[in-house]
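Just below is one structure, and these are the notes that go with it.
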Protein chains: 2
Amino acid sequence: MSEDKLQEAIGRLKHASVRITPQRHAVLDFLINAKSHPTADDIYKALEGKFPNMSVATVYNNLRVFREIGLVRELTYGDASSRFDYNTSKHYHVICESCGKIVDFDYPSLDEVESLAEKVTGFEVSHHRMEIYGTCPDCKTTH
Amino acid sequence: MSEDKLQEAIGRLKHASVRITPQRHAVLDFLINAKSHPTADDIYKALEGKFPNMSVATVYNNLRVFREIGLVRELTYGDASSRFDYNTSKHYHVICESCGKIVDFDYPSLDEVESLAEKVTGFEVSHHRMEIYGTCPDCKTTH
DNA sequence: TACACTAATTATAAGCATTATAATGTAAGA
DNA sequence: TCTTACATTATAATGCTTATAATTAGTGTA
């Protein structure tokens, strides 16, 4: 139930001494219930009805806060806007190169790759990122 | 020998009907001999002695051309500038989160992941990207 | 409940990488 | 050499994100 997720997220914010403002609450709520992986601007637009005076900087600031305490993951793709993903479970993403759609993809984490990289490069590895690119079913048919 | 690589690259440009201009030649030469993974600005700065009037747009234009014919790979990291990698062999990258250093890392391509993603999502997969993040040996010691 | 302190929000401007535009210059085949 | 289409240049514009400074508002404490 997403209400539980929201409460848990708020608990983590309190624990990190982050103030719960109405804007923060709304951004978090939106992210948790988002089916897609919204951009900062998606979130801004979605909430401007509720918060006509909200600044886009507020959205960015809050997303940064959420990212820093690990509530949210930021997906970056060069030029295009970042997308934000509420961090429920570990998963990868499959991205359509035609329409930009992002689909979650469960796969066991590539721990073996990380440990081999540590051995070979001498790095202390913290994490990795992997994405798969292609054409989604919709774009395949309509080409 | 990097001279051979350069000649082969020029051959591929000719084959793709891309004109060989002095600027193009210089960007390509720089990329092939680069030990690191330079940004567009790195390349621009490195060549401004030789081409005082070269525009930064030229660097970007040429990098795009090289990418489109598969000579060069573009590595994107959200806000930061893209980095460009002369496409010799398939490999992954290990990136230092402290100093930004990028190290090549050989690992067998994750074809299995791609094919599973195709099955699960219905996408027609074209490629994937994977990077490993951590702290490099230099940054570990000097913390 | 009221106070005070500190952090968050707002509005705006700035920053930065990258791309678009239009005029000029030039590679390469005839 | 000539011609033409493409590349380069200089500059402006774009778009995402962050910085700034002033105002507003959470939250712990009295």
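Residue numbers start from 1 in every chain, and the chains themselves are labelled A, B, ... in the order their sequence lines are given, proteins ahead of strands.
One interatomic measurement links the two molecules: NE2 of H15(B) to P of dA28(C), which rounds to 16 Å at whole-angstrom precision. Rounded to whole angstrom, the span from the CG atom of L13(A) across to the C1' atom of dG26(D) amounts to 13 Å. If you measure from atom CG of N61(A) to atom C1' of dT20(D), you get 12 Å, rounded to the nearest angstrom. Between the OH atom of Y44(B) and the P atom of dC16(C) there is a distance of 16 Å, given to the nearest Å. Spacing between atom CG of N53(B) and atom C1' of dA7(D) amounts to 15 Å, rounded to whole angstrom units. D41(A) places its CG atom 11 Å from the P atom of dG15(D), with the value rounded to the nearest Å. Summarising the geometry, the separation between CD on E48(B) and C1' on dA10(D) is reported as 15 Å, rounded to the nearest angstrom. Straight-line distance from the CD atom of E68(B) to the C1' atom of dT19(C): 13 Å, rounded to whole Å.
Of the possible donor and acceptor atoms, none in the side chain of R83(B) sits under 3.5 Å from a partner among the backbone N and O of R73(B).
Between D138(A) and K101(A) there is a salt bridge, since at least one side-chain N of the basic residue sits less than 4.0 Å from a carboxylate O of the acidic one.
Nearest-nucleotide positions on DNA chain D for F51(B) and I20(A) put F51(B) closer to the 5' end. Residues T21(A) and Y60(B) each lie close to DNA chain C; by heavy-atom proximity, the contact nearer the 5' end of the strand is made by T21(A). The nearest heavy atom of DNA chain D to R24(B) and to S82(A) marks one nucleotide each, and the one closer to the 5' end goes with R24(B). Toward the 5′ end of DNA chain C lies the nearest nucleotide of R19(A), the other residue of the pair R19(A) and R67(B) mapping further downstream.
Aromatic ring orientation, Y133(B) versus H127(A): parallel (interplanar angle below 30°, classes split at 30° and 60°).
Looking at heavy-atom distances under 4.0 Å, S81(B) makes contact with sugar-phosphate atoms alone, never a base. Note on N62(A): only backbone sugar-phosphate atoms sit closer than 4.0 angstrom, heavy atoms only; bases stay farther off. Contacts of P52(A) with the nucleic acid, taken as non-hydrogen atoms under 4.0 Å apart, are absent. Across all strands shown, R64(A) has no heavy atoms under 4.0 Å from either base or sugar-phosphate atoms. Base contact: A57(A) has a heavy atom under 4.0 Å from a base atom.
Counting heavy atoms from C-beta on, the side chains of H93(B) and D104(B) come closer than 4.5 Å.
Between Q23(B) and dT26(C) there is no side-chain N or O to OP1 or OP2 distance below 4.0 Å. The shortest distance between the side-chain N/O atoms of T58(B) and the OP1/OP2 oxygens of dT9(D) is below 4.0 Å.
Side-chain contact of T39(A) with D42(A): a donor-acceptor pair under 3.5 Å is present, judged by distance alone.
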